[in-house]
Structures are given as structure tokens and as C-alpha cells.
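Chain naming here is simple, since letters A, B, ... match the order of the sequence lines and numbering starts at 1 in each.
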Amino acid sequence: MKIYNKQGEQMTRILVVDDEELGRKAMKKIFAGYGQCTSVSNGKDAVNVYRTALDEKKPFNLIILDISLEDISGLEVLKRIKEIENIENIGKEQQTTIVMATSHSEKETVVNCLQAGCKGYFIKPLKPEPVAKRLAELGFKPLTT
Amino acid sequence: MDDFITKPLKKEKLFGIIEKWIVSNFKIGETKAPDNVLHSVLSDEQSEPVNLKEMMEIWGDEDLIKESFKDFMNNLEQLLSDIDKAIKNNDHDLKKAAHKFKGALLYTGAQKASDIAASIEVMGKNKKMNHAKEAFRELVLECEKVKKFIVQYMDTRNSANK
């Protein structure tokens, strides 16, 4: 089920996962320019919210996932989501694009995430410009209004 | 060998040694060190605890910067005390607490403080706590500078708006 804004532009459904409040705030501000942005603060909620959206036939198009979370790691969340996609037989085109968010000191973990199926990573703090560039490469367009 | 530096390398120590050698070498030749050499060594030492240019890149406008500074100030004591507690109890929460604080500092443009928090996070992760107290003291000191910077920033912005 696709959703559109008043101007008829398709809204991207985005989930932001970060355990830190300021980070969530900054990211929500950036991603609001692409569509509907939801945020959660831990890994278990991320998997649950993803599952619910899928069951309601309103799956997320994009997930920005912090590598280091308080309960389960971002890598673990990524693996669980990929597992669900596998079980539910979701085709490549319909799969959620997952991009990790990481700080410089955790960069080595990114390799494992790339192997597990994420589509790249953003270095924290996220800034609108580099984010827009990468999202364009991944096929996400910002809303014009 | 002319000198040595103990590991882990710290910027302050390293610059101290470089500075010492620049100054003493120039003295030998009785020539003054070019101002720009010394300046570039020293200016990094004196750089602001908060990078406003970075803040503008992240948040895009002054109102949001102010809001994020406020959020940071509201949470600062709690975040610091979580790290302090974890160090005192020697427990596994240190990695989490330091990680969370590191994140907040990154979105506050406080690079140096965030680097210190990152080093504490690594100590927590590797369960090597022998230098954690020292690093925490360093973090508290740097946070004092960040706090002072933010208070000044708010004051000048508020009086400018009057």
C-alpha cells in the first residue's frame, strides 16, 4: 500500500532507531523531508514496529539503524528483519532498505552489517547533505514541499 | 633518540613534545620560530569545545541549535552520573552509558568530549577499567568547558534578540 501527500508525491515510510534522544531528534528532522518518519529507542521495539507495519501491509521502505543499541545490537536487529523477509518470502524489490548509523569508533562492525544485508552506513552525527546524496543513490527522492 | 612518548598517545602530550622541540630547535639556531608553525600547534589546543560550524551543518538553523543545546543541558547531569555510577560499580553498563553520552555529544558538536566518551566506551567494552576514572575526570572537565560555551552562546543570542 503506497501513501501519497496532498501534492501526489509518494511518501517514503521511514523508521529511525537510535537509543539517544538528540540523535533521534536530528534524524527525524532530516528524514521528515522524505515522508512519514517514526522513531524508536531500542532494538526490540524496532523489530516489533517493523513486524506490525508489515502485518498491516504498510511496511517501512527505509530503516536507519544505529549499530550500537542498549538491548540488542543493530546487527542483531538487521539479522532478525532479514530473517522475517526470508520467511515471508518478500522479493528483493519489496524489501526494506536498511542503512546503519555508526560513529567513527565502531566502523569495523559495518563489515558484518554489510554482509548481513544492509545497504551502507552513515557516520554520526548525520548531516542533511551527505544523507541526501546517499539516499538519492538508493533511489529515495525528497518531497518537494 | 631524542625523546619518547608513552602510549596511549594523547594529543596534549604529543603537541607538548612537538612544541618543546620546535621551540628548542629554533633556539639552537637563534632563529625565531615562524609564527604560523607555533600558531597551528597551539590553536588546536585552544579550539572551542563546541564546533558551531558543525552544529549548523547538522541542525540547519539557530533555533534548532538552541533547542538541542537546551536538551543537552537538561540531560547532562544524568548522563554523566550514569557513567560515574557504572565506573564505581565496575559493571557492564559502562559501555552503554558512555555510548549514549557519546551520541548526545556528537549532536552537540562537542567533538573532543565525544572522543573521550568513546574511549570510555571502549574501556567498558573490553572490561579494562583501570584508566576509566582518569578518563571520566577528563570528560567532566571537558563537559565543564562545553557547558560554559553553551551558557555564553545562549546569553549572547538572547541579548541579541532583545
*Engaged part of B:Asp93 at the chain A interface, taking heavy atoms whose separation is under 4.5 Å*: neither

*Answer yes if A:Val17 and A:Leu75 sit in the same cluster of Ile, Leu, Val, Met, Phe, Trp and Tyr residues linked by side chain heavy atoms under 4.5 Å apart, and no otherwise.*
yes

*Under a 4.5 Å heavy-atom cutoff, which of B:Ala104, B:Gly103, B:Gly109, B:Gly60 has the most pairs with chain A?*
B:Ala104

*Just wondering, do A:Asp66 and B:His99 contact through their side chains at under 4.5 Å, heavy atoms?*
yes

*Considering all heavy atoms of both residues, which atom of A:Leu22 and which atom of B:Thr108 are nearest to each other, and what is their separation?*
CD1-OG1, 3.6 Å

*Closest heavy-atom pair and its distance - A:Pro128, B:Ile58*: CD-O, 3.7 Å

*Nearest 0.5 Å, what's the CG-OG distance between B:Asp115 and A:Ser103?*
10.0 Å

*What part of B:Leu79 is in contact with chain A, defined as an atom under 4.5 angstrom from a non-hydrogen atom: side chain, backbone, both or neither?*
neither

*Given the rule that I, L, V, M, F, W and Y join up when any side-chain heavy atoms are under 4.5 Å apart, are A:Leu135 and A:Met11 in one cluster?*
no

_Using only atom types and a distance under 3.5 Å, with no angle test, would you say the side chain of A:Lys29 pairs donor to acceptor with the backbone of B:Trp59?_
yes

_Atom CD of A:Glu137: over 12 foreign heavy atoms under 6.0 Å_ = yes

*asked:* If hydrophobic clusters are built by linking Ile, Leu, Val, Met, Phe, Trp and Tyr wherever their side-chain heavy atoms come under 4.5 Å apart, do A:Tyr50 and A:Ile14 end up in the same one?
replied: no

*Counting only heavy atoms not in A:Lys82, do more than 12 sit closer than 6.0 Å to its NZ atom?*
yes

_SB check A:Glu20 B:Lys102 (cutoff 4.0 Å)_ = no

*If you take all heavy atoms of A:Ser68 and B:Lys95, which pair is closest and at what distance?*
OG-NZ, 3.8 Å

*Do the side chains of B:Ile65 and B:Val50 join up, straight or via other hydrophobic residues, at under 4.5 Å, putting them in one cluster?*
yes

_Carboxylate-amine/guanidinium contact B:Glu57 A:Lys127, below 4.0 Å_ = yes

*When you look at NZ of B:Lys125, are more than 12 heavy atoms from neighbouring residues, nucleotides or ligands closer to it than 6.0 Å?*
no

*Is there a chain of hydrophobic side chains (I, L, V, M, F, W, Y, each step under 4.5 Å between heavy atoms) that links A:Leu138 to A:Ile81?*
no

_Given heavy-atom pairs under 4.5 angstrom as the criterion, report whether the side chain, backbone, both or neither of A:Lys124 touches chain B._
both

*Can you tell which part of A:Glu21 gets under 4.5 Å to a heavy atom of chain B, answering side chain, backbone, both or neither?*
side chain

*Close side-chain approach of A:Met27 to B:Tyr107, heavy-atom, < 4.5 Å*: yes

